[in-house]
Amino acid sequence: MPSTVTNMAIDCANAYQLARFWSEVTGHPLDPEDEPGDNETEIMLPGGPALHFNEVPEPKSAKNRLHLCLRPDTSRDAEVERLLKLGASLVADRRKPDGWGWVVLADPEGNEFCVLLAESERAALRS
């Protein structure tokens with residue numbers, strides 16, 4: 001029988017603070033039982049695995065081997081600006097002159113993630 005992915009675990013130094021950042025990114029709340037100082041926190045994503053934040057003693061030391069890709073409801077560029085204001089940092093700009101591409105950002109603890117084109121942008125570029 002196959003297995004089901006129930007959560008994506010993200011190692012971090014401050015689980016509650018990082019979960020608050022990702023709560024703003026996704027628009028979904030932390031588990032109501034999570035509190036400042038908890039060493040594990042979680043955000044339930046509708047229809048998908050939870051984002052689970054674990055405090056670990058060691059800092060991030062290399063590029064993520066697994067990362068999240070976000071597809072915004074608005075536009076890629078507007079979402080990148082919003083996330084930078086929330087505390088993300090720019091890692092790499094992979095946008096192409098023809099409009100395709102993505103942007104690699106890092107959350108406040110350095111975990112990389114990508115911002116892709118919105119579906120409406122993809123449809124416009126295909127036509």
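Computed from heavy atoms alone, side chains included, the values below leave out hydrogens, waters and symmetry copies. Note that the structure is predicted; figures quoted are calculated from it, not measured.
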**Asked** Taking Leu105 as the fixed residue, which of Leu86, Val91, Leu84 is the one that meets the side chain to side chain contact (heavy atoms under 4.5 Å, CB included) rule?
**Response** Leu84
**Request:** Kindly say whether Gly87 contributes a backbone atom to a donor-acceptor pair with the side chain of Lys85 at under 3.5 angstrom?
**Result:** no
**Request:** Apply the test side chain to side chain contact (heavy atoms under 4.5 Å, CB included) to residues Leu83 and Asp107: give CA-CA distance (whole Å), side-chain angles for both, the deciding distance (0.1 Å), then the verdict.
**Result:** CA-CA 9 Å; Leu83 298 175; Asp107 71 19; over 6 Å; no
**Item:** Rounded distance [0.5 Å steps], CG in Leu45 versus CG in Leu68
**Value:** 8.5 Å
**Fill in**
Rounded to the nearest 0.5 angstrom, the CG-CG distance for Leu70 and Asp73 is 11.0 Å
**Prompt:** Counting only N and O atoms by type, is there a donor-acceptor contact under 3.5 Å from the side chain of Thr4 to the main-chain atoms of Thr6?
**Reply:** no
**Non-hydrogen side-chain atoms of His28 and Pro46 separated by less than 4.5 Å** = yes
**Complete:** Heavy atoms of Trp102 and Cys114 approach each other most closely as CD1-SG, 3.8 Å
**Request:** Please determine if Lys96 and Asp98 form a salt bridge, counting it only when a charged side-chain N lies under 4.0 Å from a carboxylate O.
**Result:** no
**Side-chain heavy-atom pair Asn111, Lys60 within 4.5 angstrom cut-off** = yes
**Prompt:** Just by distance, do the side chain of Thr41 and the backbone of Ala19 share a donor-acceptor pair under 3.5 Å?
**Reply:** no
**Request:** Compute the centroid of each ring, for Trp22 and then for Phe113, and state whether the two points are separated by less than 6.0 Å.
**Result:** yes
**Prompt:** Got a sec: does the CD of Glu33 have more than 12 other heavy atoms crowding it under 6.0 Å?
**Reply:** no
**Request:** Verify whether one side chain among His67 and Glu112 offers a donor that lies under 3.5 Å from an acceptor in the other.
**Result:** no
**Prompt:** Is it the case that one hydrophobic cluster holds both Leu90 and Phe21, taking links as side-chain heavy atoms less than 4.5 Å apart, direct or via other members?
**Reply:** yes
**Request:** Quick one: do Leu51 and Asn7 satisfy side chain to side chain contact (heavy atoms under 4.5 Å, CB included)? Show the steps, please.
**Result:** CA-CA 6 Å; Leu51 296 180; Asn7 70 53; over 6 Å; no
**Request:** Considering non-hydrogen atoms only, spot the tightest contact between Ala15 and Asp38 and give its length.
**Result:** CB-O, 3.7 Å
**Prompt:** When you check the gap from the basic side-chain N to the acidic O, do Arg122 and Glu119 get nearer than 4.0 Å?
**Reply:** yes
**Asked** If you measure from CZ on Arg82 to OG on Ser75, what distance do you get to the nearest 0.5 Å?
**Response** 11.5 Å
**side chain to side chain contact (heavy atoms under 4.5 Å, CB included) between Asp77 and Arg95, worked out** = CA-CA 10 Å; Asp77 296 347; Arg95 290 176 277 199; 2.8 Å; yes
**Prompt:** Are side-chain heavy atoms of Val115 and Pro72 found at a separation under 4.5 Å?
**Reply:** yes
**Prompt:** Any sub-3.5 Å donor-acceptor pair from Arg76's side-chain atoms to Glu121's backbone N or O?
**Reply:** no
**Ile43 side chain reached by Phe53 side chain, heavy atoms, under 4.5 Å** = yes
**Message:** Is the shortest side-chain heavy-atom distance between His52 and Ile10 below 4.5 Å?
**Reply:** no
**Item:** Exercise: identify the closest heavy-atom pair between Glu79 and Val25
**Value:** OE2-O, 4.2 Å
**Message:** If you count heavy atoms of other groups shown closer than 6.0 angstrom to CZ of Arg65, is the number above 12?
**Reply:** no
**Asked** Minimum heavy-atom separation for Thr74 to Ala118, with atom names?
**Response** O-CB, 3.3 Å
**Complete:** Of all heavy-atom pairs linking Gly99 and Leu117, the shortest is O-CD2, 3.6 Å
**Separation of Ser23 OG from Leu30 CG (nearest 0.5 Å)** = 5.0 Å
**Message:** Looking at every non-hydrogen atom in both residues, tell me the closest pair between Asn14 and Glu109 and how far apart they are.
**Reply:** N-OE2, 3.0 Å
